[in-house]
Amino acid sequence: MKDIFTAPFVKEMEATTANMYHLGWDERNGGNISYMLDEKEVSEYLDLDNVIRTIPTGFNAKELIGKIFIVTGTGKYFKNVESDPETNLGIIRIASDGETAELLWGYKDGGKFTSELPAHLMSHTERLKIDPENRIVMHCHPDYTLALTQAHEMTERAITRTLWQVMTESIVVFPEGVGVLPWMICGTNDIGAATAEKMKQYRLVIWTLHGIYGCGKDMDEAFGLIETVEKAAKMYLLASHLPQINRITDEQLRAVAERFGVNYRKDFLDI
Ligand code: 13P
Ligand code: ZN
């Protein structure tokens, strides 16, 4: 058996959470990540017959039965993952009832997975239908994205247009636009279901006055999506109090999207 502390998926969780913490996107216990793992790869590090304990999830994830995830712990700080991954992370498998998580490693202090597990697993379920390669769901609280939700009309069309108009690469990175939820109570099955519903169309979902979700086939895709939204939100907010002299026009947005061959939301343009 190989040493779990050297596993690439543990190392990736450590590096990503540390990076996000240093960017200021994950204050205190803010943010959570789930990463669907390959059973064969995990079996090189863990005895898959050894279930440490079982934890009810509070919802049914029947389409993920048998799937294994490494997930950040609830109440745990991204800041601390790198120095103590076994306490701050856990590896869980969805049991045959679809409603129980079998703990295979981690949550060493008796803890459990993020309170946002419904949003994560429901989003994994929906994204796998669209992209069978999807592995990551990532949530965090980036400054400018959050600030934008205080001051901007919170419709998908309006938010997407603003993010596209201030930075040329935005429409190339997220041509499908950005999903938006109104303010809702976090950590519930309701916000989980609402997020997953948006994930049918979008890889990015902004939670008003809370944060953002991104997903993808690997950490780079999920992180890169969030990073690009955050950069565009920053560009917008840095200049929104100044006279607006230059903006990318709808014709220019169309031209960039066509040049890069991306399938963009044409109904988000006024052409
Ligand atoms: P957890 O500590 O339960 O992961 O919650 C953090 C968070 O960001 C809630 O939305
Ligand atoms: Zn949050």
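First listed ligand is number 1; within each ligand, the first listed atom is number 1.
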* atom 7 (C) of ligand 1: nearest protein contact (heavy atom, Å) -> N32 ND2, 3.5 Å
* Is M184 linked to V180 within one hydrophobic cluster, defined over Ile, Leu, Val, Met, Phe, Trp and Tyr using a side-chain heavy-atom separation of less than 4.5 Å? -> no
* Exercise: identify the closest heavy-atom pair between H120 and N32 -> NE2-OD1, 2.7 Å
* Should the pair H139 and H141 be assigned to parallel (<30°), tilted (30 to 60°) or perpendicular (>60°) ring geometry? -> perpendicular
* **Three-point angle H139:NE2, the Zn ion (ligand 2), H210:NE2, rounded to the nearest 10°** => 100°
* Determine the sole option in T74, T57, I92 for which the side-chain contact (heavy atoms from CB on, under 4.5 Å) test with K112 is passed. => T74
* Taking the minimum heavy-atom distance to atom 2 (O) of ligand 1, which of G31, G30, G75 ranks first? -> G75
* **ligand 1 contacted by G187 (non-hydrogen, < 4.0 Å)** => no
* Asked: What protein heavy atom sits nearest atom 9 (C) of ligand 1, and how far off is it?
  -> E116 OE2, 3.1 Å
* For ligand 1, which atoms have a heavy atom of T74 less than 4.0 angstrom away? -> 1 (P), 2 (O), 3 (O)
* For atom CZ of R259, is the number of surrounding heavy atoms from other residues, nucleotides or ligands below 6.0 Å larger than 12? -> no
* Asked: What about K76: any of its N or O atoms under 3.5 Å from an N or O on ligand 1?
  -> no
* Asked: At their closest point, which heavy atom of I206 faces which heavy atom of M154, and how far apart are they?
  -> CG2-CE, 4.1 Å
* Distance-only donor-acceptor check, side chains H124 and S34, under 3.5 Å -> yes
* Asked: Which atoms of ligand 1 sit under 4.0 Å from any heavy atom of H139?
  -> 8 (O), 10 (O)
* To do: Any atoms of ligand 1 less than 4.0 Å from a non-hydrogen atom of S115? List them with their elements.
  => 1 (P), 3 (O), 5 (O)
* Asked: Taking the six-membered ring for Trp, are Y236 and H152 parallel (under 30°), tilted (30 to 60°) or perpendicular (over 60°)?
  -> perpendicular
* So, is H141 placed with an N/O/S atom under 2.8 Å from the Zn ion (ligand 2), counting both backbone and side chain? -> yes
* **Heteroatom distance test (C186, ligand 1): nitrogen or oxygen, under 3.5 angstrom** => no
* Asked: Heavy atoms, side chains only, cut-off 4.5 Å: are P85 and W105 in contact?
  -> yes
* Structure fact -> Quick note on ligand 1: atoms under 4.0 Å from a heavy atom of H210 include exactly 10 (O)
* Structure fact -> For atom 4 (O) of ligand 1, the closest protein heavy atom turns out to be T114 OG1, 2.7 Å
* Asked: Got the closest protein heavy atom to atom 6 (C) of ligand 1, with its distance?
  -> N29 O, 3.3 Å
* Atom indices of ligand 1, in the order listed, that fall short of 4.0 Å to a heavy atom of H141 -> 8 (O)
* Verify the distance criterion only: is there a donor paired with an acceptor across the side chains of T195 and W207 at less than 3.5 Å? => yes
